[in-house]
Structure formats: structure tokens, C-alpha cells
Amino acid sequence: LASSTEWEKAQSDPRSFESLKQKLEKSVGPGLDRRDFQWPWIKLEGELWDEYPYRFDGWGNGEWSTLNLYSPKVVDVHEAH
């Protein structure tokens, strides 16, 4: 979807950030949308992998997100799996 570098640069550019979120929604829709992912974007690497709360809320290697465990859609998908 996007590299860690692209996500990181988008943090200071609202238009680029919105564009990446739209791209995310297109790739996971219609079942999920941007609200089903963790925000704010936090790049998980190195020691952050083991630090609370980042290990539950970050984006692995800055490229893939942990799903939002409070999203009813995420819970439904998990239970159906």
C-alpha cells in the first residue's frame, strides 16, 4: 500500500495523509475502512515493539497497522474467522 517512508512523510502533510487513508480504504473495503485501523500512525521498530502501549497501537515497520480492537467490524471479522 505504502512504504514506511511515505507514511512518515505524510504525517506532516495533511493532503498526503488523507490520500494514503483513501488508498487504504480502497484496498480493504468494503468490509473495513480507515476507522478499523490504529491512529495515530506510530512506526513500530526496535524497542517500541516491546513497549506498552505501542505494541498494540503501532504500525509494524511503519507499513502495516494493528487493527482497531474496539471496532465492531473488526470484532465481527475476527469472530467469523
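Here the structure is a predicted model, which means the values were calculated and not measured.
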- Query: In chain order, what residues pass the side-chain hydrogen bond (donor to acceptor under 3.5 Å, both in side chains) check against Arg34, with sequence neighbours excluded?
  - Reply: Glu18, Glu25
- Query: How would you list, by chain and number, every residue that makes a side-chain hydrogen bond (donor to acceptor under 3.5 Å, both in side chains) with Glu6, sequence neighbours excluded?
  - Reply: Ser3
- Item | Cluster overlap Val77 with Leu67, hydrophobic side-chain contacts below 4.5 Å | yes
- What are the two closest heavy atoms between Ala10 and Leu20, and how far apart are they? CB-CD1, 3.7 Å
- Query: If you look at every heavy atom in Leu32 and Val74, which pair is closest and at what distance?
  - Reply: CD2-CG2, 4.3 Å
- Message: With rounding to the nearest 0.5 angstrom, report the CG to NZ distance, Leu1 to Lys21.
- Response: 13.0 Å
- CD of Gln38 to OH of Tyr70: how many Å apart, nearest 0.5 Å? 8.5 Å
- Query: Is the Trp39 ring parallel, tilted or perpendicular to the Phe17 ring (thresholds 30°, 60°)?
  - Reply: perpendicular
- Message: Just checking Lys73: does its NZ atom have more than 12 heavy atoms from other residues, nucleotides or ligands closer to it than 6.0 angstrom?
- Response: yes
- For the pair Asn68 (side chain) and Arg35 (backbone), establish whether a donor and an acceptor sit closer than 3.5 Å, ignoring hydrogens and angles. yes
- For side-chain contact (heavy atoms from CB on, under 4.5 Å), just list the numbers for Lys43 and Ser4, CA-CA rounded to whole Å, side-chain angles, deciding distance to a tenth of an Å, and then say yes or no. CA-CA 8 Å; Lys43 183 177 182 177; Ser4 174; 3.1 Å; yes
